[in-house]
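This is a predicted model, so every value here is computed, not measured. All heavy atoms count here, side chains included; hydrogens, waters and symmetry mates do not.
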Amino acid sequence: MKHIMYAEKTLMIGDDAADLAIEYAAVLANLSKADTITLNAFDGDGDTVEAKLLLNSGTNIVAATSHNSLEEPDNSEAIAYIREQMVALSSPRYAMPHAGGDGSDAVDIDMDLDGIDR
């Protein structure tokens with residue numbers, strides 16, 4: 001478990017969720033993007049809470065190790081979402097031309113490159 005310090009609040013969440021939240025915040029900041037994530041956590045009083053975090057270039061977030069016997073809250077959905085978003089942000093997107101009106105899937109691209117200096 002790790003302590004997450006965010007907006008003057010301390011939350012306890014699992015190691016994977018904490019590490020990914022920090023990593024995702026860095027990715028978003030580098031790309032000048034923002035997103036929100038919702039994490040299941042324990043607050044400073046030990047109560048279970050659902051915390052929604054805004055991650056952007058101005059996010060100040062710290063994760064610190066903790067030694068306790070609490071069972072980590074389930075953040076499998078948040079972890080899957082973060083991983084999916086990080087892959088999407090780091091993968092180039094490709095465009096494919098639309099097939100012709102005859103219903104065939106084949107697209108014939110004929111590029112005339114004669115006269116182009118390399």
Side-chain angles (χ1 to χ4, degrees):
M1 294 270 284
K2 289 191 177 179
H3 290 279
I4 289 282
M5 280 74 77
Y6 179 89
E8 298 180 24
K9 297 279 185 188
T10 298
L11 303 168
M12 298 273 298
I13 63 174
D15 291 352
D16 288 344
D19 293 340
L20 280 172
I22 297 285
E23 190 176 340
Y24 188 38
V27 168
L28 290 168
N30 284 334
L31 297 172
S32 299
K33 294 189 175 285
D35 196 2
T36 58
I37 57 172
T38 302
L39 298 170
N40 296 310
F42 297 107
D43 67 7
D45 296 326
D47 295 326
T48 56
V49 296
E50 191 175 270
K52 184 171 264 190
L53 308 178
L54 170 63
L55 304 177
N56 62 28
S57 61
T59 297
N60 292 316
I61 186 172
V62 176
T65 58
S66 169
H67 304 286
N68 62 55
S69 59
L70 294 172
E71 184 176 328
E72 293 184 358
D74 179 25
N75 279 303
S76 56
E77 287 183 32
I79 288 169
Y81 172 79
I82 292 169
R83 286 185 175 144
E84 177 182 296
Q85 293 304 308
M86 287 175 54
V87 166
L89 289 170
S90 66
S91 299
R93 296 188 176 149
Y94 298 99
M96 294 298 295
H98 183 64
D102 63 356
S104 69
D105 289 336
V107 177
D108 184 23
I109 300 175
D110 184 17
M111 297 175 57
D112 184 11
L113 300 176
D114 292 337
I116 296 179
D117 294 332
R118 292 185 188 201

Colleague: What distance separates Tyr81 OH from Leu39 CG, expressed to the nearest 0.5 Å?
Modeller: 11.5 Å
Colleague: Which distance, rounded to the nearest 0.5 Å, do you find between the CE of Met1 and the CG of Leu70?
Modeller: 5.0 Å
Colleague: Backbone N or O of Ile79 within a donor-acceptor pair of the Asn75 side chain at under 3.5 Å?
Modeller: no
Colleague: Say you draw a straight line from CG of Asp35 to CD1 of Ile37; how long is it, rounded to the nearest 0.5 Å?
Modeller: 8.0 Å
Colleague: How long is the straight-line distance from CD1 of Ile4 back to OG of Ser66, given to the nearest 0.5 Å?
Modeller: 11.5 Å
Colleague: Do you know which two heavy atoms are closest between Leu28 and Leu89, and how far apart they sit?
Modeller: CD2-CD1, 3.9 Å
Colleague: So which atom in Leu55 and which in Tyr24 form the shortest heavy-atom distance, rounded to 0.1 Å?
Modeller: CD1-CD2, 3.7 Å
Colleague: What is the minimum heavy-atom distance between Leu11 and Ala51, and which atoms define it?
Modeller: CD1-CB, 3.6 Å
Colleague: Looking at Met86 and Val27, what are the two nearest heavy atoms and their distance?
Modeller: CE-CG2, 4.3 Å
Colleague: Under a 3.5 Å distance rule, please check whether Thr38 uses its side chain to pair with a backbone N or O of Ala78 as donor and acceptor.
Modeller: no
Colleague: Set out, in order, the CA-CA distance, both residues' side-chain angles and the distance that settles side chain to side chain contact (heavy atoms under 4.5 Å, CB included) for Phe42 and Thr48, then state yes or no.
Modeller: CA-CA 5 Å; Phe42 297 107; Thr48 56; 3.4 Å; yes
Colleague: Please find the pair of heavy atoms, one from Tyr6 and one from Thr59, that lie closest to each other, and give the distance.
Modeller: CE1-CG2, 3.7 Å
Colleague: Less than 4.5 Å apart, any side-chain heavy atom of Pro73 and any of Glu50?
Modeller: no
Colleague: Evaluate Ile82 against Gln85 for side chain to side chain contact (heavy atoms under 4.5 Å, CB included), listing each step before the verdict.
Modeller: CA-CA 5 Å; Ile82 292 169; Gln85 293 304 308; 5.8 Å; no
Colleague: Asp45 side chain to Asp47 main-chain N or O, any donor-acceptor pair under 3.5 Å?
Modeller: no
Colleague: Only one of Asp15, Asp16, Asp19 forms a side-chain hydrogen bond (donor to acceptor under 3.5 Å, both in side chains) with Lys2, so which one is it?
Modeller: Asp19
